[in-house]
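Here's the structure we're looking at; comments come further down.
Every heavy atom of this structure was used, including side-chain atoms; hydrogens, water molecules and symmetry mates were not.
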Amino acid sequence: MTIAKPDFIEGIAKGMAVLESFDTERQRLNATQAAERAGLTRAAARRHLLTLAHLGYLETDGSAFWMSPKVLRFSGSYLASSRLPRALQPTLNRLAAQTQESFSAVVLDGEEAVIVARSVAFGAPTRVLAYGLHLGARLPAHATSTGRMLLAAMSSAELAQWLKGRTLARLTSHTVTQTTVLRQRLAQVRKDDHCIASEEHELGVQALAVPLRDMRGRTVAALNVVLSGAHRSDDALRRDLLPLMYDAAREVRALL
């Protein structure tokens with residue numbers, strides 16, 4: 001979305017930049033670190049940090065700052081009011097109970113794939129779960145099955161814009177980091193209408209994703225299953241899980 005310059009409130013943008021400078025890599029920041037991450041002067045970053053702490057969104061010991069539980073109001077409001085997570089949750093629960101595997105629904109936000117709904121089967125055998133796959137987790141789109149599924153749904157112009165000047169981070173020895181190779185993989189995803197990613201985001205983790213389309217045929221999200229532990233062949237994933245996931249995608253189409 002673009003807006004007229006007089007409508008743009010610079011202070012809000014800077015405050016959000018400071019808030020977004022906190023992530024899983026740096027949970028605690030001082031004013032200098034926040035300034036570097038948000039692209040502000042130290043003095044400006046300090047004022048924003050103090051204001052956010054005053055409003056209750058950050059906590060501080062006088063030097064370092066970290067997020068408080070109040071920031072969860074944003075995600076809680078989204079999950080409570082957004083139609084997408086509520087529409088998909090029953091289907092995710094059914095798939096998890098049926099297969100004893102973990103399923104997620106994911107949308108694209110910039111360069112990241114964001115988990116907006118998730119279900120893990122109760123009573124499933126104890127297994128090592130993939131790291132960071134919690135509700136609201138933000139994962140690199142180029143290295144995940146859902147991210148690639150959503151990138152593959154872009155038009156050529158949209159994908160070119162998304163890739164422009166972008167560095168594809170290497171997360172494991174299997175991660176695709178070359179733009180030309182990623183384009184080839186995305187072309188195959190469009191042809192297959194599903195995506196398998198193996199150990200590109202995390203070693204020992206496989207994932208299978210399918211698109212979730214609305215009644216007009218637009219891909220609005222992606223559904224995936226994540227498997228840790230014993231490796232399964234691509235053929236086994238397609239045989240055992242893909243039909244169930246396609247059925248689920250058709251089932252929820254009228255709700256999206």
Side-chain angles (χ1 to χ4, degrees), residues 23-25 27 85 88-89 91-153 166-178 181-182 184-186 188-189 192-212 219 221-246 248-249:
D23 56 27
T24 54
E25 293 180 3
Q27 297 92 5
L88 295 176
Q89 194 62 55
T91 298
L92 297 182
N93 292 342
R94 178 179 58 77
L95 285 171
Q98 188 175 358
T99 64
Q100 299 296 289
E101 301 293 353
S102 302
F103 291 83
S104 301
V106 176
V107 297
L108 192 65
D109 182 21
E111 64 184 25
E112 296 172 314
V114 183
I115 298 176
V116 296
R118 178 150 174 76
S119 186
V120 180
F122 291 104
T126 302
R127 56 168 63 89
V128 178
L129 294 177
Y131 172 75
L133 296 187
H134 53 273
L135 195 61
R138 307 178 71 86
L139 308 171
H142 72 283
T144 55
S145 63
T146 46
R148 286 190 185 168
M149 197 76 253
L150 295 166
L151 291 175
R166 189 178 300 279
T167 299
L168 304 179
R170 181 178 295 281
L171 304 171
T172 76
S173 58
H174 303 282
T175 308
V176 170
T177 59
Q178 295 176 303
V181 177
L182 180 61
Q184 293 168 1
R185 298 286 178 89
L186 295 179
Q188 189 63 48
V189 169
D192 295 339
D193 206 33
H194 67 268
C195 178
I196 295 176
S198 183
E199 298 191 289
E200 293 199 43
H201 176 249
E202 182 182 345
L203 292 176
V205 176
Q206 296 171 275
L208 167 66
V210 300
L212 293 175
T219 298
L223 166 69
N224 84 335
V225 58
V226 177
L227 306 115
S228 301
H231 182 85
R232 301 194 197 183
S233 68
D234 289 358
D235 287 343
L237 292 178
R238 293 187 180 100
R239 181 191 67 235
D240 298 338
L241 294 167
L242 193 56
L244 295 174
M245 295 173 70
Y246 278 150

Answer yes or no: is there a donor N or O on one side and an acceptor on the other, between the side chain of Gln206 and the main chain of Val226, under 3.5 Å? no
Atom pair CG/CE of Asp240 and Met245 - distance to nearest 0.5 Å: 12.5 Å
Given 3.5 Å as the limit, does a donor-acceptor pair link the side chain of Thr175 with the main chain of Glu200, or not? yes
For the atom pair CG (Leu244) and CZ (Arg94), what is the distance rounded to the nearest 0.5 Å? 8.0 Å
Nearest 0.5 Å, what's the CG-CG distance between Asp193 and Leu242? 9.0 Å
Atom CG of Leu223 and atom OG of Ser145: how far apart are they, to the nearest 0.5 Å? 9.0 Å
Taking all heavy atoms of Val176 and all of Leu182, pick out the closest pair and write down the distance. CG1-N, 3.7 Å
Say you draw a straight line from CD of Glu112 to CG of Leu150; how long is it, rounded to the nearest 0.5 Å? 13.0 Å
Hey, are the side chains of Leu88 and Leu212 touching, using non-hydrogen atoms and a 4.5 Å cut-off? yes
What are the two closest heavy atoms between Ala152 and Leu186, and how far apart are they? CB-O, 3.8 Å
Between Arg170 and Thr177 the two heavy atoms that sit nearest each other are NH2-OG1, 3.3 Å
Is any side-chain heavy atom of Met149 closer than 4.5 Å to one of Asn224? no
When you measure from the side chain of His142 to the backbone of Ala169, do you find a donor-acceptor pair of N or O atoms at a distance under 3.5 Å? yes
Kindly compute the distance separating CZ (Arg148) from CZ (Arg185), expressed to the nearest 0.5 Å. 5.5 Å
Between Glu202 and Glu199, is there a donor-acceptor pair closer than 3.5 Å when you use the side chain of the first and the backbone of the second? no
Does one side chain, of His194 or Arg238, offer a donor that lies under 3.5 Å from an acceptor on the other? yes
What pair of heavy atoms forms the shortest contact from Ala105 to Leu92, and how long is it? N-CD1, 4.1 Å
Minimal non-hydrogen separation, Ala197 against Thr144, with atom names: CB-C, 4.2 Å
Can you name the nearest heavy-atom pair linking Thr146 to Ala209, along with the distance? N-CB, 3.8 Å
Counting C-beta onward and ignoring hydrogens, is there a side-chain heavy-atom pair between Ser198 and His231 closer than 4.5 Å? yes
Decide yes or no for Val225 and Thr99: does some side-chain heavy atom of the first lie under 4.5 Å from some side-chain heavy atom of the second? no
Given side chains that start at C-beta, do those of His174 and Leu203 come closer than 4.5 Å, heavy atoms only? yes
